[in-house]
Amino acid sequence: MGRSRLGVCLLLLVVLAGCNALGGPGGGTPTDANTTVSGPNAVPGVTDGQLTDSQALLDAHAQSMLATGFENDYRANRSTVRNGQVVTIVGRQRTLVEANKTEYRYRVTSGAGTPTSQFDTWGNQSMQVLRGQVGDTVRYSTGAPATATDLTGTGALRAYLTASSFEVVDSLSSDGRYLVTLEATSTNASAVLPANGTDLRNYEARMVVDASGRILVFEASGNYTVTSGSASEPGVVDITYEVVSLGDRDLERPDWVATALAE
C-alpha cells in the first residue's frame, strides 16, 4: 500500500492541523506500538491493542464526523463478471457535509474501466434531490435525506472492518491529538471476494484512527481469481477511504436542484 505507517500519521497531523476538532499544529513523537491506549486517548472499539468491536468504532466515526462537518473521498476498484466478461468496476464517492448534516452534497461515479455514470446529490435534514446522468440521459428524483451511513462511509467500510482482525501497529501523539494505525492480521476471504472470486492473495488492510473514533484513512488491496464460465482471469480489489478535511463549511445549493424540484 505504499506509504509508511508513520508517514501516514505525520501527513494527517499536518493536513488536519488547522481543524478545530483536532487542535492546533505541532510536532509529534511516536509511541510504542504495543502500549495499550487508555484514558482520554482510548480509541472506541479498541481493547488491549486489538479492534474488538468494529461497530463501536463505526458508530463513533459517524457521530464524530457529523458533529464537525467534513469532506471525504471513497474509491473502490473491484473485478467481477459483467455480461459474461471479467471487468474491473471503478467507483468513487466524494462527499461534503455541513456540521450536523444541515446540508450536504456528494457525487458518485462508476463504470467498467472508466466512469460511465454520474450521480450528484444535494440534501438537507428533510429531503434530498438527485441528478443522475448515464451517457446523454439525465434524470432527476427526490426522496428522504441520506443516512449517516451513506455520508460518512460507514456502510462501505463495515464489510472490510468485519472481514479482518486488526491490531495496533503504530501510534502518534501531538498537542492533544492522538492517531493510531491498525493493520489486518487475518482476513475471512469470503467476506472480501465477490461471488465469482476465489483465491484471495496479497491482501492487506490498514487504517488510521483518531481518539474520537474518526477513521481518517482506510486502505485495502489484494488480488484474486475471477471465474467466468470455464475461463479464469486475475482480479483486483483496491479500496481507499480518506477524510480530506474536518470542520464546518457553507455549501451552496446547486443550480440543477431548482430544475429538479420544478419537474
Would you please name every residue forming a side-chain contact (heavy atoms from CB on, under 4.5 Å) with [X], sequence neighbours left out?
X: T198; answer: T225
X: S64; answer: S212, R214
X: A189; answer: L193, L200

Item to check | Within-4.5 Å side-chain heavy-atom neighbours: Y74 and N72 | outcome: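 They are not in contact (no side-chain heavy atoms under 4.5 Å apart), so the answer is no.
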Item to check | Min side-chain heavy-atom separation V43-L57 under 4.5 Å | outcome: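 V43 reaches L57 side chain to side chain.
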Does anything in [range] form a salt bridge (charged side-chain N to carboxylate O under 4.0 Å, His left out)? List the pairs, not counting sequence neighbours.
range: residues 49-58; result: none
range: residues 79-102; result: E71-R94, D73-R92, D73-R94
range: residues 225-235; result: none
range: residues 108-133; result: R107-D120

Item to check | Trace of the side-chain contact (heavy atoms from CB on, under 4.5 Å) decision for Y104 with T121 | outcome: CA-CA 8 Å; Y104 60 87; T121 301; 4.2 Å; yes
Next on the checklist: I'd like to know if the side chain of T181 pairs up with that of E183 as donor and acceptor (distance under 3.5 Å, no hydrogens or angles considered).
Outcome noted: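 The answer is no; no qualifying pair exists.
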Next on the checklist: If you count heavy atoms of other groups shown closer than 6.0 angstrom to CD of Q55, is the number above 12?
Outcome noted: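 Counting other residues, nucleotides and ligands, CD of Q55 exceeds 12 neighbours.
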Next on the checklist: Filter on ring pair (Phe, Tyr, Trp, His ring centres under 6.0 Å), then keep only pairs touching residues 112-160, sequence neighbours left out; what's left?
Outcome noted: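 Sorted result for residues 112-160: empty, none.
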Item to check | Sequence neighbours excluded, every pair satisfying ring pair (Phe, Tyr, Trp, His ring centres under 6.0 Å) that has a member inside residues 208-247 | outcome: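 Found H61-Y241.
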Donor-acceptor pairs are to be reported for all side-chain atoms of residues 256-263 against protein atoms at under 3.5 Å, with residues two or more places apart or in another chain.
none

Item to check | Shortest non-hydrogen separation from L246 to M65 and the atoms involved | outcome: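 Scanning both residues, the minimum pair turns out to be CD2-SD, 3.8 Å.
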Next on the checklist: Please find the pair of heavy atoms, one from A67 and one from A99, that lie closest to each other, and give the distance.
Outcome noted: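 Smallest interatomic distance, heavy atoms only, reads O-CB, 3.6 Å.
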Next on the checklist: Clusters formed by hydrophobic residues whose side-chain heavy atoms approach within less than 4.5 Å: which one holds V87, and what are its other members?
Outcome noted: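 For the cluster that includes V87, the remaining residues are I89.
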Next on the checklist: Checking one residue: L96. Which other hydrophobic residues are in its cluster under the side-chain 4.5 Å linking rule?
Outcome noted: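 Members other than L96 - counting any ILVMFWY side chain reachable under 4.5 Å - are L251.
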